[in-house]
*Asks:* 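Please read through the structure below; I'll follow up with questions.
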Amino acid sequence: MEMDKTYQPASFEKDIYDFWQKNKYFHAVPDKDKKPFTVVIPPPNITGQLHMGHALNETIQDTIVRFKRMQGYSTLWLPGVDHASIATEVKIVEAMRKEGLTKESLGREGFLKRAWAWKEKYGNRIVEQLKYMGNSCDWDRLAFTMDDKCNKAVKRVFVHLYDKGLMYRGNRIVNWCPCCGTAISDAEVEYEEQASFLWHIRYPFKDGTGEVVVATTRPETLLGDTAVAVNPKDSRYSGMIGKTLILPIVNREIELLGDDYVETDFGTGAVKITPAHDPNDYEVGLRHNLKQIRIFNDNATVVDGYGEFSGLDRFAARKLMEQKLQEGGFLVKKEAYTHNVGACYRCHTTIETILGKNQQWFVKMQPLAKPAIEAVKNKETKFIPERFASVYYNWMNNIKDWCVSRQLWWGHRIPAWYCADCGETMVQEDAPTKCSKCGSTNLNQDEDVLDTWFSSALWPFSTLGWPDKTEDLEYFYPTNVLITAYDIIFFWVARMIFSGIEHMGEVPFKDVLIHGLVRDEQGRKMSKSLGNGIDPLEIIANYGADSLRFALAYGTAPGNDTRFSNTKVESCRNFINKIWNASRFVLMNAENVELGDILTVKKSLADKWILNRLNKVVREVTKNLEKYEIGLATNKLYDFVWSEFCDWYIELVKPILYSANEDAKKSTLTVLVYVLETILKLLHPVIPFVTEKIYQSLPTKGETIMLATWPKPIQKFAYNKEAKSFENIMELIRSIRNIRADVKLIPSKKIEIMLVTEDQKFVTKCSDYIKKLAGVEKIEFIANEQIPKNVQSAMTKVGGLYIPLGDLVDAEKEIARLNIEKEKMLKELERGEKMLNNPGFVSRAPQTLVDNEKSKLAANREKLDKILERLQMLESL
RNA sequence: GCGCAAUUAACUCAGUUGGUAGAGUGUUUCCGUCACAUGGAAAAAGUCAGGGGUUCGAGUCCCUUAUUGCGCACCA
């Protein structure tokens with residue numbers, strides 16, 4: 001295959017993906033001879049477009065999945081999309097409004113028809129975008145949270161929980177979004193700090209004996225007050241508890257009551273109680289049997305019966321209330337006050353806590369939370385990094401019942417039917433034909449749908465076929481790892497854990513790998529409103545999916561947020577270009593050459609060195625990936641490929657490749673191709689496209705790199721001793737280059753070097769390497785006494801290096817260089833001596849470490865002596 | 001208020017059971033060399049936020065302070 005001179009991902013990524021898909025490499029089947037490895041995708045919303053958060057999430061998942069597949073697991077990555085009940089409905093309604101349509105005008109059926117059409121259109125869009133990323137999902141199993149399979153599971157779970165008494169319908173206070181027109185769960189409320197006021201309002205006693213002043217942030221809810229509460233221990237109000245107050249404006253008679261909930265040191269120590277519109281007041285109301293007066297409609301306007309207030313929006317009502325109180329002389333003062341206000345996580349409208357007009361459905365959480373907490377404590381499911389377990393505990397330990405009914409149309413309709421005649425409630429999977437109690441056929445299904453997260457919670461098993469006992473479920477459940485960002489631990493992860501335990505009797509995944517968010521160059525969250533989002537599709541178009549993936553994986557730590565910038569992708573693209581060109585070099589030379597067997601072929605010193613390094617990289621990268629340390633793995637691969645394979649090994653073997661020695665060429669190319677192939681395999685999970693592309697050109701290629709066997713370190717390639725001594729030669733080469741740069745010798749100028757060394761034989765063996773890589777034409781071995789006067793020198797592990805440079809010799813530069821070396825050595829010696837003179841170190845540190853220090857110390861002493869000797873000589877000149 | 005992170009080179013970040021601090025980008029000098037200028041060679045650059053402790057040895061473990069960010073809970 002011809003390879004272009006530069007790496008051009010756009011020219012082949014699509015073809016490669018088609019090739020994989022056509023051959024069904026992503027498809028997984030239960031295989032008793034293999035171990036399963038299962039990952040379910042966090043289903044992206046059908047309304048969504050691929051953003052950087054997805055890109056990071058998909059990159060990590062695909063990396064792990066490809067790695068496991070190559071390791072020989074029967075690997076299933078199960079894809080799907082989420083119906084995203086509230087988010088989607090909001091968008092559809094918005095689109096309809098532009099056409100002058102409303103939900104009501106279309107009716108439930110008409111609306112749902114539209115919604116499904118929307119799903120067809122946009123659900124496919126996100127799936128296509130995932131494919132650009134290179135996701136190796138089993139698309140044959142593509143699921144949707146509202147498909148028949150999932151619907152069946154949802155109904156089964158609902159009925160099961162109801163029968164068990166864990167699902168109940170209650171008239172409790174809920175978070176209500178006036179904009180979306182539905183109740184939402186506690187988890188769906190986001191608190192935002194808001195600058196507001198604290199209004200101090202006078203409530204007079206009925207008997208004219210004075211007044212109580214309450215402080216409130218919501219004067220308009222005064223309309224619904226049914227009491228004022230103080231702390232019974234508060235001396236300011238002693239003797240007043242039980243007296244009757246007149247509610248200003250409304251003139252309702254309400255009681256001053258005592259309740260421990262009231263803090264004495266906040267505000268005035270007196271709290272107005274509005275049971276229908278505040279969660280705390282609601283509790284107080286229950287304790288004291290207070291009337292619950294609802295004053296807001298579903299759209300947060302004031303209900304009928306309150307005169308001028310009726311019909312006003314809550315904020316307009318607040319203004320009017322302030323005015324009325326002022327006029328009536330009830331307003332004591334208004335002070336600036338900043339507090340947290342709850343907002344809907346979807347539309348950011350300030351939520352209203354409202355006592356449900358319709359009853360809401362709740363899941364009783366305590367019994368479900370308990371075993372779910374235990375499972376994480378027992379490490380049946382492990383959070384990675386571990387610290388996220390405490391976030392999980394914190395939430396689960398303080399969990400309240402989960403409000404799951406939503407006053408929406410797009411979603412799983414609640415499987416409950418009510419008898420219009422006798423009021424009986426029937427909860428069952430299929431619609432009843434008549435009332436189970438009175439036999440009436442006048443039945444109505446509950447109008448509401450379920451929280452989106454109710455179906456997501458079942459994802460790891462509903463997608464595998466539950467409640468049916470499928471082969472998939474049997475083989476692939478529980479899944480191995482769930483990979484997601486930390487912002488949906490509550491919404492999703494926690495709910496999957498308790499659902500898995502409750503319905504499958506087993507946790508849904510063994511590991512939860514939590515990653516952070518992708519931020520912009522300045523560390524800001526990417527958001528639409530800021531307009532600072534970087535579009536991954538654009539990055540793919542400009543740099544290729546591999547560059548995007550590598551940039552997201554490279555140098556990141558699990559759980560941490562990561563910044564994304566164009567310079568980072570560019571440097572990653574450059575790295576891939578480097579691999580591309582190194583491969584081009586190897587393939588060019590390997591053309592028409594018959595390769596030998598890597599295990600038996602004769603190896604040069606450079607070969608042994610690179611194989612030794614390769615072994616290390618294989619071992620460490622495998623270990624890193626096993627522990628999900630993708631950042632570390634990519635770091636090591638980057639360094640190995642660039643700094644060792646390209647910068648050194650390829651340069652080292654050039655003299656052989658350009659020589660006429662066919663045997664040496666053959667063996668060198670065998671190693672060269674082997675190392676390259678191994679590199680490609682190690683990199684494939686992160687940068688799948690380019691590695692496949694190059695792999696297909698290798699003379700040793702198999703069908704696809706996707707199914708190639710994951711590399712293992714090879715005992716025979718240990719070569720520790722050879723590698724170590726070879727690195728001394730590399731140091732010598734660096735020293736020569738250093739001197740050359742120091743005296744500004746032009747690179748093409750060949751030089752002669754002199755060495756005082758005890759290992760002439762070894763240096764001679766390496767002389768070709770030295771000559772080629774350091775621009776040397778002649779190496780002369782001399783005795784100490786033979787060192788000429790006019791040379792530049794450096795002291796190396798191999799021995800004293802002396803370069804006669806004629807006019808270019810610059811004693812001052814050399815002295816400066818040697819002095820820097822001297823300082824370094826002195827510091828080193830001091831460190832080493834301090835350690836070895838420390839009896840604690842010698843007796844307690846590992847023996848190998850002590851020995852290492854001893855030999856280092858000896859070598860350093862020798863080197864220092866040589867430096868000092870040389871310096872003395874230079875100064876005496 | 002409670003909890004969790006982060007604080008390492010000019011910038012952005014890594015740093016594996018504690019054993020001589022690393023990379024990318026940027027900077028300086030040189031180089032159109034036949035894989036690659038999306039490149040090569042060389043170099044400069046760090047009191048690992050401050051303080052204490054444990055240890056033979058701490059960027060790493062413990063305590064504490066500061067700054068920043070995040071999560072949870074909120075006093076109406």
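Lettering of chains follows the sequences in order, A, B, ..., and the numbering in each one begins at 1.
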*Asks:* Donor-acceptor pair, distance only, cut-off 3.5 Å: does the side chain of A:N837 make one with the backbone of A:E833?
*Replies:*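 At least one qualifying donor-acceptor pair exists.
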*Asks:* Grab the CD-P distance between A:E644 and B:A23 for me, whole Å please.
*Replies:*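 Going from A:E644 (CD) to B:A23 (P), I get 12 Å.
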*Asks:* Answer with base, sugar-phosphate or nothing: what part of the nucleic acid does A:P846 contact at a heavy-atom distance below 4.0 Å?
*Replies:* base
*Asks:* Centre of A:W648's six-membered ring, under 6.0 Å away, within 45 degrees of the axis: is that where NZ or CZ of A:R737 sits?
*Replies:* yes
*Asks:* What is the distance, to the nearest angstrom, from the CD1 atom on A:I739 to the C1' atom on B:C30?
*Replies:*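 Spelled out: CD1 on A:I739 to C1' on B:C30 is 16 Å.
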*Asks:* Select base, sugar-phosphate, or nothing to describe what A:T216 touches, counting heavy atoms under 4.0 Å on all strands.
*Replies:* sugar-phosphate
*Asks:* With a non-hydrogen cut-off below 4.0 angstrom, is A:R740 in contact with a base, only sugar-phosphate, or nothing?
*Replies:*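 No contact.
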*Asks:* Any chance the rings of A:F12 and A:F689 have centres within less than 6.0 Å?
*Replies:*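 That pair fails the under 6.0 Å test.
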*Asks:* Tell me which nucleotide, if any, is Watson-Crick or G-U wobble paired with B:U7 when both distances must be under 3.5 Å.
*Replies:* B:A66
*Asks:* B:C75 P sits how many Å from A:H200 NE2, rounded?
*Replies:* 16 Å
*Asks:* Could you tell me whether A:R831 contacts a base, only the sugar-phosphate backbone, or nothing, with contacts defined as non-hydrogen atoms closer than 4.0 Å?
*Replies:* base
*Asks:* Just to verify, what does A:Y237 make a ring pair (Phe, Tyr, Trp, His ring centres under 6.0 Å) with, not counting sequence neighbours?
*Replies:* none
*Asks:* Looking at B:A41, which nucleotide sits across from it as a Watson-Crick or G-U wobble partner, both distances under 3.5 angstrom, or is there none?
*Replies:* B:U29
*Asks:* Look through every strand shown and name the nucleotide pairing with B:G46 as Watson-Crick or G-U wobble, where both distances are under 3.5 Å.
*Replies:* none
*Asks:* Under 4.0 Å, heavy atoms only, any strand: does A:F490 hit a base, just the sugar-phosphate, or nothing?
*Replies:*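 Touches sugar-phosphate only.
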*Asks:* Could you tell me the Watson-Crick or G-U partner of B:C36, where both distances fall under 3.5 Å? Say none if there is no partner.
*Replies:*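 For B:C36, the partner nucleotide comes out as none, under the 3.5 Å rule.
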*Asks:* Could you check how far CD of A:E263 sits from C1' of B:A76, rounded to whole Å?
*Replies:*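 After rounding, the reported distance stands at 10 Å.
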*Asks:* With both distances kept under 3.5 Å, what pairs with B:U60, Watson-Crick or G-U wobble?
*Replies:* none
*Asks:* Along nucleotides 11-16 of chain B, 5' to 3', which nucleotides get a B, which get an S, and which get a -, given that the test is a protein heavy-atom distance under 4.0 Å?
*Replies:* -SSSSB
*Asks:* For the ring pair A:F197 and A:Y337, is the centre-to-centre distance below 6.0 Å?
*Replies:* no
*Asks:* When we call it a touch if two heavy atoms are under 4.0 Å apart, what does A:Y638 touch: a base, just sugar-phosphate, or nothing?
*Replies:* sugar-phosphate
*Asks:* Quick check on A:K616: does its NZ atom have over 12 non-hydrogen neighbours (other residues, nucleotides or ligands) under 6.0 Å away?
*Replies:* no
*Asks:* Under the salt bridge (charged side-chain N to carboxylate O under 4.0 Å, His left out) definition, can you give me all pairs with a residue in residues 185-196 of chain A, not counting sequence neighbours?
*Replies:* A:E188-A:R406
*Asks:* More than 12 heavy atoms of other residues, nucleotides or ligands under 6.0 Å from CD of A:E777: yes or no?
*Replies:* yes
*Asks:* Inspect the surroundings of CD in A:Q8 and state if more than 12 heavy atoms from other residues, nucleotides or ligands are less than 6.0 Å away.
*Replies:* yes
*Asks:* With the sugar-phosphate defined as primed atoms, P, OP1 and OP2, and the base as all remaining atoms, what B/S/- string results for nucleotides 31-40 of chain B, 5' to 3', for protein heavy atoms under 4.0 Å?
*Replies:* S---BB-BSS
*Asks:* Need the pair for B:G1. Rule: Watson-Crick or G-U wobble, both distances under 3.5 Å, any strand; none if unpaired.
*Replies:*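 Across all strands, the one nucleotide that pairs with B:G1 is B:C72.
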*Asks:* Which base sits across from B:C13 as a Watson-Crick or G-U pair, both distances under 3.5 Å?
*Replies:* B:G22
*Asks:* Taking ring pair (Phe, Tyr, Trp, His ring centres under 6.0 Å) as the criterion, tell me which of A:W580, A:F550, A:Y7, A:Y543 meets it with A:F575.
*Replies:* A:F550
*Asks:* Would A:D561 and A:Y486 count as having a side-chain donor-acceptor pair, cut-off 3.5 Å?
*Replies:* yes
*Asks:* Please work out if A:Y543 contacts a base, only the sugar-phosphate, or nothing of the nucleic acid, heavy-atom cut-off 4.0 Å.
*Replies:* nothing
*Asks:* For atom NZ of A:K654, decide whether the heavy atoms of other residues, nucleotides or ligands shown that lie under 6.0 angstrom number more than 12.
*Replies:*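 Check passes, neighbour count above 12.
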*Asks:* Looking at A:Y337, I'd like to know whether one of its side-chain N or O atoms comes within less than 4.0 Å of OP1 or OP2 on B:A76.
*Replies:*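 Looking at the OP1 and OP2 atoms of B:A76, one of them is under 4.0 Å from a side-chain N or O of A:Y337.
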*Asks:* Going by ring pair (Phe, Tyr, Trp, His ring centres under 6.0 Å), name the residues that satisfy it together with A:Y628, two or more places apart in sequence or in a different chain.
*Replies:*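 For A:Y628 there are no ring pair (Phe, Tyr, Trp, His ring centres under 6.0 Å) partners, ignoring immediate neighbours.
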*Asks:* In whole Å, what is the span from the CG atom of A:L836 to the P atom of B:U20?
*Replies:*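 Going from CG in A:L836 over to P in B:U20 covers 14 Å.
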*Asks:* What nitrogen or oxygen pairs link the protein and nucleotides 59-61 of chain B at under 3.5 Å?
*Replies:*
none

